[in-house]
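Below, chains carry the letters A, B, ... as their sequence lines are ordered, and counting in each starts from 1. Values below: all heavy atoms of this structure, side chains included; hydrogens, waters and symmetry mates excluded.
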Amino acid sequence: MMAESAEHREAIVVVGPTAAGKTDYAVALALSCGGEVVSADSMQVYVGLDKGTAKPSAEEMRGVPHHMIDVADPHEDYSVAQFAAAARRCIDDIFARGKVPVVCGGSGLYVNALIFDMGLGEDITAQRRMRQHPASTSDELYAELVRRDPLAAWGIHPNNVKRIRRALDRLDAAPELRPFSGSFVLTRQFTPRIIRLAPDREALYRRIDARVDAFIANGLVGEVRGLLADGVGRGTTAMQGIGYKEIAAYLGGECTQGEAVTRIKYATHHLAKRQETWFRRYEGAEIVRI
RNA sequence: GCCCAGAUAGCUCAGUUGGUAGAGCAACGGACUGAAAAUCCGUGUGUCCCUAGUUCGAUUCUUGGUCUGGGCA
């Protein structure tokens, strides 16, 4: 039992903004320490989202086993709870094999769900989440949340209708789950050694722009066309991914390809900024400037 | 060469009946607890083309330039 305490189970956690080079960095680390990569990326989980997510190829993996990639059907919305449950099983298996888990993540919430025990529970909700709150104004929705879960309302801006609805849906689906407070408990599964890649902002944007152009040159438009033809709706989480929603709009005749490409670049800049904001909060992280 | 129009934020533009200016996009900062590549909050960063006038005061009006469009030759 002692052997299972977190102190004896260290996992490396590589975080940073998109296009910073996390994949290469994590693979190199894994090769040097006998590790296996656990992706913490909300879009690489989907089968078929390859070109627009910079999903690592077999060559890029360099023989290192990768987990939590291609584990979800893009027709169905995945969730952080499903991710956390499955990823933790992967991490346990890696430890059982005597290897080191190298978590490699760009999705802040997904990383949080591993390094904190958030009390998410197993599986769940995608199908229970759907209750409608018909014809309510955002003010009415917010008032309802304040009444039913003041603590949750405390942390949600009244304009953030999507979050308000989600909080209400969660109350409807599983009111007994997880009190809001007390969920930032460091995980007992392992001790994280966090490495944060911190690229120069301007250089990062240049790299992002070049990478977006490369996505297009490598056939992103065709990939999106194929997904749409397969019945992956534009409202799905997968099709909300950067590069996917913009190309879908282009294919729908709503803008030119050039406009779509520009929007993808800007959206990716914004994403990188948000990721940096999120990961800057990880105190004690080893910062690698690149 | 002549005639028109324009010149204001990184970009596209609005505006000031004369009191040194504001939108969208970009950029920057932040939040984030079961959709998170989502969603939301906040910040204006400026020789108002130059010049000489009129004026207490000019980005605004007037003179003369420069540049950029468009038209006529």
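B:G65 and B:A27 are spaced 43 Å apart, taking the P atom of each and rounding to whole Å. With both ends at atom P, the span from B:C49 to B:C11 equals 13 Å, rounded to whole Å. Spacing between B:G15 and B:G30 at atom C1', rounded to whole Å, works out to 32 Å. For the C1' atoms, the distance linking B:G44 with B:G22 amounts to 9 Å, nearest Å. On the P atoms, B:U12 is 15 Å away from B:G70, given to the nearest whole Å.
Shortest non-hydrogen contact noted between A:Lys55 and A:Glu60 is O-OE1, 4.0 Å. When all heavy atoms of A:Val102 and A:Gly35 are compared, the pair lying nearest together is CG2-CA, 4.5 Å.
The backbone N or O of A:Asp73 lies less than 3.5 Å from no partner atom in the side chain of A:Glu76, so there is not a single donor-acceptor pair. Remark: side-chain polar atoms of A:Lys22 are not paired, donor with acceptor, to backbone N or O of A:Leu197 under 3.5 angstrom. Judged by distance alone, the side chain of A:Thr236 and the main-chain N or O of A:Val232 form no donor-acceptor pair under 3.5 Å. Checked by atom type and distance alone, the side chain of A:Glu36 never pairs as donor or acceptor with a backbone atom of A:Val100 at under 3.5 Å. The closest donor-acceptor contact from the side chain of A:Tyr46 to the backbone of A:Asp70 lies at 3.5 Å or more, if one exists at all. A distance-only check finds no donor-acceptor pair linking the side chain of A:Thr187 to the backbone of A:Phe190 [under 3.5 Å].
For A:Leu168 and B:A35, the CG to C1' distance is 15 Å, given to the nearest whole Å. A:Gln44 has its CD atom 13 Å from the P atom of B:A36, to the nearest Å. Protein atom CD of A:Gln240 is 13 Å distant from nucleotide atom P of B:A35, rounded to whole Å.
A residue-by-residue look at A:Gly108 and A:Val80 shows that A:Val80 has its nearest nucleotide of RNA chain B further toward the 5' end. If A:Ala167 and A:Ala54 are placed on RNA chain B by their nearest nucleotide, the residue sitting closer to the 5' end is A:Ala167.
Between A:Asp213 and A:Lys265 there is a side-chain heavy-atom pair separated by less than 4.5 Å.
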Nucleotide-resolved protein contact map, nucleotides 24-31 of chain B, B/S/- at heavy-atom distance under 4.0 Å: --SSBBSB
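OP1 or OP2 of B:C41 lies within a sub-4.0 Å distance of a side-chain N or O belonging to A:Asn159.
For RNA chain B, each stem of at least three Watson-Crick or G-U pairs (distances under 3.5 Å) is given as range with range: B:1-7 with B:66-72, B:10-13 with B:22-25, B:27-31 with B:39-43.
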